[in-house]
Amino acid sequence: MGNYALAGLGLLIVFNILISLVIYKRNDFETFQKVAQIVLVWLLPVIGGAGILIFYKSIDKPIRKPESFAKRSEGNSSWQDEP
């Protein structure tokens, strides 16, 4: 193996370890779900890890309250104010 292959393998192992720690530290999943996600990361190294990170990012987005649909963004007038 060349030096680049060893460096790539080392980065892959470090990435998988970091993703596994992120999964382990989360409190919003049950143990079975955590184990399944860690297995997925190690069976599909790059794709599994990236997929888990994207999944967590979508879960962690703050939920915005919808604004009233009656309010207008262009001033204080409404459609009823016009003749």
Side-chain angles (χ1 to χ4, degrees):
M1 280 189 160
N3 290 338
Y4 292 117
L6 285 175
L9 183 62
L11 286 174
L12 183 67
I13 291 172
V14 169
F15 179 72
N16 281 352
I17 290 171
L18 290 175
I19 298 299
S20 298
L21 288 173
V22 168
I23 294 170
Y24 177 75
K25 296 250 182 203
R26 289 195 61 110
N27 294 328
D28 52 348
F29 292 106
E30 295 178 13
T31 304
F32 176 76
Q33 291 172 320
K34 289 180 182 182
V35 170
Q37 290 174 2
I38 290 172
V39 167
L40 180 70
V41 166
W42 285 96
L43 287 178
L44 302 170
V46 176
I47 297 170
I52 295 293
L53 286 178
I54 291 169
F55 175 67
Y56 283 171
K57 187 176 180 182
S58 71
I59 288 176
D60 293 339
K61 283 184 182 176
I63 299 173
R64 253 183 60 204
K65 290 184 180 180
E67 296 179 13
S68 172
F69 62 90
K71 292 182 182 177
R72 292 184 59 165
S73 62
E74 305 117 15
N76 295 331
S77 65
S78 69
W79 62 273
Q80 295 174 344
D81 290 342
E82 296 180 21

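In this chain, residues are counted from 1 in sequence order. Only a predicted model underlies this, so the values are computations on that prediction, with no experimental measurement involved.
Contact between Ser20 and Trp42 at its shortest, heavy atoms only, is OG-NE1, 2.9 Å.
With 3.5 Å as the limit, one finds no donor-acceptor pair spanning the side chains of Tyr24 and Gln37.
The 12-atom threshold is exceeded at CG of Leu44, counting heavy atoms of other residues, nucleotides or ligands nearer than 6.0 Å.
One finds the CG atom of Asp28 at 8.5 Å from the CD atom of Gln33 (value rounded to the nearest 0.5 Å). From Ile52, atom CD1 reaches atom CZ of Phe55 across 7.0 Å, with rounding to the nearest 0.5 Å. In this structure, the separation between NZ on Lys57 and CG on Leu53 is 10.0 Å, given to the nearest 0.5 Å.
For the side-chain contact (heavy atoms from CB on, under 4.5 Å) test with Phe15, the passing option among Leu18, Ile13, Ile19, Ile17 is Ile19; the others fail.
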Output, in order, the C-alpha distance, side-chain angles, deciding distance and verdict of side chain to side chain contact (heavy atoms under 4.5 Å, CB included) for Ile23 and Phe29.
-> CA-CA 9 Å; Ile23 294 170; Phe29 292 106; over 6 Å; no
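In the hydrophobic clustering of this structure, Ile38 does not group with Leu43; members are Ile, Leu, Val, Met, Phe, Trp, Tyr whose side-chain heavy atoms approach within less than 4.5 Å, directly or through other members. Hydrophobic clustering (side-chain heavy atoms under 4.5 Å, transitive across Ile, Leu, Val, Met, Phe, Trp, Tyr) keeps Val46 apart from Val39. Note: the hydrophobic cluster containing Leu40 does not contain Val35 (ILVMFWY, side chain heavy atoms under 4.5 Å, direct or indirect links).
Put simply, the side chain of Lys34 gets close to the backbone of Arg26: a donor and an acceptor are under 3.5 Å apart.
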